[in-house]
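As the structure is a computational prediction, the values presented were derived from the model and not from experiment. Below, chain A is the first sequence line, B the second, and so on; all start at residue 1.
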There are 2 protein chains.
Amino acid sequence: MSTTNTTRYAILGLLTIQPMSGYDLRKHLGESLNFFWAESNGQIYPALKKLVADEWIMPIKTHQRGRRTRQQYALTPVGRNQLKKWLAKPPHIQPPRNELILKLFLGRSAPNGALAQHVKAFKRRHEDVLGVLLNFRKTIPKDNARSADLDYWMLCLEHGIRLRQAEIEWSSVTLTRIASTSTRNRR
Amino acid sequence: MSTTNTTRYAILGLLTIQPMSGYDLRKHLGESLNFFWAESNGQIYPALKKLVADEWIMPIKTHQRGRRTRQQYALTPVGRNQLKKWLAKPPHIQPPRNELILKLFLGRSAPNGALAQHVKAFKRRHEDVLGVLLNFRKTIPKDNARSADLDYWMLCLEHGIRLRQAEIEWSSVTLTRIASTSTRNRR
DNA sequence: CTCCTGATATGTCTGTCAGACATGTCTACC
DNA sequence: GGTAGACATGTCTGACAGACATATCAGGAG
């Protein structure tokens, strides 16, 4: 099996920023990272247990004033090393499963107007995300003035922005073409 | 559970083009469709069985001269209707799992030069795919002169092309930025 | 004519994943 | 003293990825 349980490494990576609890990880993964890395909630806690067992991370107790005690985790030297080794390996490519495009491909069998609806929704969603990302681009550099991670984060952001722009442009073109196609093929 | 077993519908969709065997489906899925829809080989035959049991498709015997008898399948009216209903539903969005971007995000922990290697490979791969797609754009319209599917296929192709172009452009920009980043952060 | 190679053809199996669902705790406010 | 809502930690099922297994047939090499 060449599937590498990437969840472990995503967690490991986040812990390079600072020690966190499972809940923190979940929030991080659900927010900024979510634009290019979706983690399944159900994987996080089992993965943490496994990582502790392998001694890639270690649990640390944190007593916060006025807040419940949370189980936090920190990288061990072993974990840091494993992460580095993983980062050196060529990235695994996610097999594409673009359901919108599949439906478009089979468009001849679709009920009238459905495809246009799908593409419109697709476009709107990407426009929303693009808005968020463009806002990030403005605010992140100020908040994290000279974080060592900043340069890398901006590259990821740039990727997200360009991809969304391409999707939006394609959507526009496609919408006009769909209109003329359905006119031509009308029974 | 909201996961919809999309494999069934991908198969159903391909059978609208013409009756096919499992092997034909596998080839189709491994070739043209593969650019936006990757199907796991292991799913095809079980899915076919299920589809037959549900009477969405029916097995037909084909005796080809000089070739082994293959089990082919054709859509039933029920199947055609189910496909149509599915096409009308909003497409499910694949959760993103872009391992390259994840590695870039964690770039600070990566060994020297590794990221640049990854991005270069990423760029090369997309350039190769773009070449294939651009070639498709030239040849497909001639081969399938007035297929009812042609218009839809071209839309999918266009999507693939634009996305790849965006990836390639981002790669170029990123490569120059990585170079200057690693210079600045050198110890 | 027999062996071998490679395309044809049909599957199985294991670990990983998606994401809905379950459960309990603490704070703040009424 | 109750309860709404954030905080926090999990479990569970069906679907999926993709490596692996197996058998048949055609055509060429010896």
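- In this structure, A:Glu31 atom CD and D:dC7 atom P are separated by 10 Å, rounded to whole Å.
- Side-chain N/O atoms of A:His126 and A:Gln165 include no donor and acceptor closer than 3.5 Å.
- A:Asn5 has a side-chain polar atom (N or O) that falls below the 4.0 Å cut-off from OP1 or OP2 of C:dC17.
- Contacts between residues 16-30 of chain B and DNA chain C, defined by a heavy-atom separation below 4.0 Å, involve B:Ser21, B:Gly22, B:Tyr23, B:Arg26, listed by number.
- Remark: B:Asn98 CG to A:Ile93 CD1 distance equals 9.5 Å, nearest 0.5 Å.
- In this structure, the nucleotide among D:dA17, C:dT10, C:dT12 sitting nearest to the side chain of A:Pro95 is D:dA17.
- Straight-line distance from the CD1 atom of B:Ile11 to the P atom of D:dC16: 11 Å, rounded to whole Å.
- Each end of the helix from C:dC1-D:dG30 to C:dC30-D:dG1 gets its own axis from five base pairs, and the two axes differ in direction by 10°, given to 10 degrees.
- Residue B:Glu99 contributes atom CD, which lies 14 Å from atom P of C:dT16 at whole-angstrom precision.
- Residue-to-nucleotide proximity on DNA chain C shows that, of B:Asn41 and A:Gln94, the 5′-proximal contact is made by B:Asn41.
- The side-chain hydrogen bond (donor to acceptor under 3.5 Å, both in side chains) with A:Arg97 is formed by just one residue from the set B:His92, B:Gln94, B:Glu39; it is B:Glu39.
- Rounded to whole Å, the distance from CD on B:Glu39 to P on D:dA15 is 13 Å.
- Residue-to-nucleotide contacts include a donor-acceptor pair under 3.5 Å from the side chain of A:Gln43 to the base of C:dA18.
- Salt bridge B:Asp54/B:Arg8: present, at least one basic N to carboxylate O contact under 4.0 Å.
- A cation-pi arrangement is not found for A:Lys123 relative to A:Trp170, the charged atom failing to lie both closer than 6.0 Å to the ring centre and inside a 45° cone about the ring normal.
- In this model, the phosphate group of C:dT16 is not approached by any side-chain N or O of A:Ser40 to a distance below 4.0 Å at OP1 or OP2.
- Grouped by direct or indirect side-chain proximity (heavy atoms under 4.5 Å, Ile/Leu/Val/Met/Phe/Trp/Tyr only), A:Val173 sits alone.
- Rounded to an integer number of Å, the gap from B:Ile44 CD1 to D:dG18 P is 14 Å.
- Contact check, A:Arg97 against D:dA17: a side-chain N or O comes under 4.0 Å of OP1 or OP2.
- A:Ile93 has its CD1 atom 14 Å from the C1' atom of D:dA17, to the nearest Å.
- In this structure, the ring of B:Phe122 has its center no less than 6.0 angstrom from the ring center of B:His118.
- B:Trp56 and B:Tyr9 have tilted rings, their planes meeting at an angle from 30° to 60° on a 0 to 90° scale.
- Closest to the side chain of A:Lys49, from the set C:dA18, C:dG11, D:dG10, is D:dG10.
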Using the rule given for side-chain contact (heavy atoms from CB on, under 4.5 Å), can you reason through A:Arg80 versus A:Leu12, listing the C-alpha separation, both sets of side-chain angles and the distance that settles it, and then say yes or no? CA-CA 8 Å; A:Arg80 195 175 296 274; A:Leu12 229 47; over 6 Å; no
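- OP1 or OP2 of C:dT16 has not a single side-chain nitrogen or oxygen of A:Thr6 nearer than 4.0 Å.
- Distance A:Trp37 CH2 to C:dA18 P: 8 Å, rounded to the nearest Å.
- A close approach under 4.0 Å does occur between a side-chain nitrogen or oxygen of B:His92 and OP1 or OP2 of C:dG19.
- A salt bridge between B:Glu31 and B:Lys27 is absent, with no side-chain N of the basic residue lying under 4.0 Å from a carboxylate O of the acidic one.
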